[in-house]
Asks: 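One structure is given below, represented as structure tokens, and several questions about it will come after.
Everything numeric in this text was worked out from a predicted model, so none of it was measured.
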Amino acid sequence: MNHAETTNLLMEMQGCFPRISVRDVTIETWKEILDNVPYDTCHKAYIKYLKSGETREPKPGDILSLARTMHKAIVVNPVECELCHGRGMLFILEPDGHECVARCSCSNGQLYPHFPTVKLGFHRHTELGRIEVIR
């Protein structure tokens with residue numbers, strides 16, 4: 001989580017647990033402990049902590065341990081794909097000159113769940129590795 005996300009999480013926690021501090025030292029401590037955990041996962045872990053009926057203020061370790069139980073790693077067996085060449089990501093050049101990034105429809109594309117999946121019609125590969133759409 002970054003500084004702003006950590007501040008938002010602590011301010012939300014302060015609504016239920018007024019003793020939680022939102023000072024710079026506290027923010028840095030929480031940020032350091034939850035550094036590699038996405039904000040959405042931390043927020044879900046905090047909601048789970050509230051639903052568990054705990055009465056004391058959550059500590060960073062409580063949120064981290066709950067977040068670790070909720071985290072699901074994406075495991076993809078790479079396949080050789082003639083469209084993405086095993087990368088899972090496509091760099092597309094539209095006929096109007098617009099460039100965009102999308103994920104491939106093969107299993108390698110599952111590594112990038114936040115990118116849109118693209119279905120290509122007529123296209124060709126450029127020498128820079130981009131896919132040029134022909135209409």
Side-chain angles (χ1 to χ4, degrees):
M1 288 194 312
N2 62 32
H3 192 273
E5 292 172 337
T6 307
T7 305
N8 288 342
L9 183 66
L10 287 174
M11 288 176 69
E12 185 177 346
M13 286 181 186
Q14 199 174 35
C16 293
F17 303 101
R19 291 182 43 196
I20 289 184
S21 171
V22 189
R23 296 178 308 174
D24 286 338
V25 174
T26 310
I27 293 169
E28 287 303 316
T29 303
W30 279 74
K31 185 175 154 308
E32 187 176 314
I33 293 172
L34 300 173
D35 187 38
N36 295 326
V37 184
Y39 175 77
D40 293 339
T41 307
C42 287
H43 188 263
K44 288 176 186 174
Y46 170 61
I47 299 298
K48 191 173 183 178
Y49 183 85
L50 287 176
K51 288 181 179 178
S52 70
E54 291 285 340
T55 56
R56 64 175 179 82
E57 298 90 21
K59 304 285 186 235
D62 298 329
I63 301 299
L64 181 62
S65 65
L66 286 171
R68 283 185 176 163
T69 63
M70 298 170 68
H71 179 70
K72 296 175 187 161
I74 299 172
V75 178
V76 173
N77 295 327
V79 296
E80 190 59 39
C81 174
E82 64 182 43
L83 195 58
C84 69
H85 303 291
R87 291 185 311 225
M89 189 180 302
L90 304 171
F91 299 97
I92 301 171
L93 181 63
E94 294 285 338
D96 61 355
H98 178 76
E99 291 187 48
C100 61
V101 177
R103 66 180 176 156
C104 188
S105 57
C106 71
S107 65
N108 297 330
Q110 293 174 358
L111 289 171
Y112 308 100
H114 302 293
F115 286 112
T117 305
V118 66
K119 294 195 185 255
L120 295 172
F122 295 108
H123 63 278
R124 67 177 175 207
H125 292 273
T126 64
E127 57 263 352
L128 295 176
R130 288 178 168 70
I131 297 174
E132 186 175 359
V133 178
I134 304 168
R135 299 218 175 169

Asks: Quick one, Asn2 with Glu5, criterion side-chain contact (heavy atoms from CB on, under 4.5 Å). Give me CA distance, side-chain angles, the key distance, then yes/no.
Replies: CA-CA 5 Å; Asn2 62 32; Glu5 292 172 337; 3.2 Å; yes

Asks: Verify the cluster assignment for Leu50 and Ile63: are they in a single hydrophobic cluster under the rule of side-chain heavy atoms below 4.5 Å apart?
Replies: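 Shared cluster, yes.
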
Asks: In terms of heavy-atom contacts, does CD of Glu32 have more than 12 from other residues, nucleotides or ligands at under 6.0 Å?
Replies: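 Open.
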
Asks: Any side-chain heavy atom of Val22 sitting closer than 4.5 Å to one from Trp30?
Replies: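 Counting from C-beta outward, Val22 and Trp30 never come under 4.5 Å.
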
Asks: A side-chain contact here means heavy atoms from C-beta on lying under 4.5 Å apart; do Ser105 and Leu120 qualify?
Replies: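 Not touching, per the 4.5 Å side-chain cut-off.
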
Asks: Measure the CD1-CD distance between Ile92 and Glu99 for me, rounded to the nearest 0.5 Å.
Replies: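 One finds 10.5 Å between CD1 of Ile92 and CD of Glu99.
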
Asks: Hey, are the side chains of Cys16 and Tyr46 touching, using non-hydrogen atoms and a 4.5 Å cut-off?
Replies: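 Yes - at least one pair of side-chain heavy atoms lies under 4.5 Å apart.
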
Asks: So, taking the atom named CZ in Arg68 and the one named CG in Asn36, what distance separates them when rounded to the nearest 0.5 Å?
Replies: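 It is 9.5 Å, given to the nearest 0.5 Å.
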
Asks: Run the side chain to side chain contact (heavy atoms under 4.5 Å, CB included) test against Met89 and tell me which residues pass, sequence neighbours left out.
Replies: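 Met89 satisfies side chain to side chain contact (heavy atoms under 4.5 Å, CB included) with Phe91, Val101, Tyr112, Phe115 once adjacent residues are dropped.
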
Asks: Does anything in residues 8-25 pair up under salt bridge (charged side-chain N to carboxylate O under 4.0 Å, His left out), and if so which pairs, sequence neighbours excluded?
Replies: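 Of all non-adjacent pairs touching residues 8-25, those that pass salt bridge (charged side-chain N to carboxylate O under 4.0 Å, His left out) are Arg19-Glu57.
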
Asks: I need the minimum non-hydrogen distance between Leu10 and Ser21, along with the two atoms involved.
Replies: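 Minimum heavy-atom separation between Leu10 and Ser21: CD1-O, 4.1 Å.
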
Asks: Once rounded to the nearest 0.5 Å, what's the spacing between atom CD of Glu127 and atom CD of Glu132?
Replies: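 The CD atom of Glu132 is 9.5 Å from CD of Glu127, to the nearest 0.5 Å.
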
Asks: Heavy atoms only: give me the nearest Lys48-Thr69 pair and the separation to one decimal.
Replies: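 Taking every non-hydrogen atom into account, NZ-OG1, 4.0 Å.
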
Asks: So, for Leu93 and Gly97, which heavy atoms are closest and what is the spacing to 0.1 Å?
Replies: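 Heavy atoms only, the tightest pair is CD1-O, 3.7 Å.
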
Asks: Please evaluate residues His123 and Leu83 with respect to the criterion side-chain contact (heavy atoms from CB on, under 4.5 Å), reporting the C-alpha separation (whole Å), side-chain torsions for both, the decisive distance (0.1 Å), and the verdict.
Replies: CA-CA 10 Å; His123 63 278; Leu83 195 58; 3.5 Å; yes

Asks: State, yes or no, whether a side-chain contact exists between Thr6 and Leu34 at a heavy-atom distance under 4.5 Å.
Replies: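 They are not in contact (no side-chain heavy atoms under 4.5 Å apart), so the answer is no.
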
Asks: Provide the closest heavy-atom pair for Cys100 versus Glu94 in the form atom of the first, atom of the second, distance.
Replies: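 Result for this residue pair: SG-OE2, 4.3 Å.
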
Asks: For a quick test of reading the model, state the closest non-hydrogen atom pair linking Asn108 to Cys81 and the distance between them.
Replies: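 Smallest heavy-atom distance, with atoms named: ND2-CB, 4.5 Å.
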
Asks: Angle class for the His85/His125 ring planes (parallel below 30°, perpendicular above 60°, tilted otherwise)?
Replies: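 Ring orientation of His85 relative to His125: tilted.
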
Asks: Only counting residues at least two apart or in another chain, list the ones meeting ring pair (Phe, Tyr, Trp, His ring centres under 6.0 Å) with His3.
Replies: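 Counting only residues at least two positions away or on another chain, His3 forms no ring pair (Phe, Tyr, Trp, His ring centres under 6.0 Å).
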
Asks: So, taking the atom named OH in Tyr49 and the one named CZ in Arg56, what distance separates them when rounded to the nearest 0.5 Å?
Replies: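 It is 4.0 Å, given to the nearest 0.5 Å.
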
Asks: Say you draw a straight line from OG1 of Thr117 to CG of Leu90; how long is it, rounded to the nearest 0.5 Å?
Replies: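 Separation between the atoms: 9.5 Å.
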
Asks: Looking at every heavy atom in both Leu66 and Ala45, which two are closest together, and how far apart are they?
Replies: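 Closest approach of Leu66 to Ala45, heavy atoms only: CD1-O, 3.4 Å.
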
Asks: Find the distance between CD1 (Ile33) and CG (Asp62) and round it off to the nearest 0.5 Å.
Replies: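 So the CD1 of Ile33 and the CG of Asp62 are separated by 10.5 Å.
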
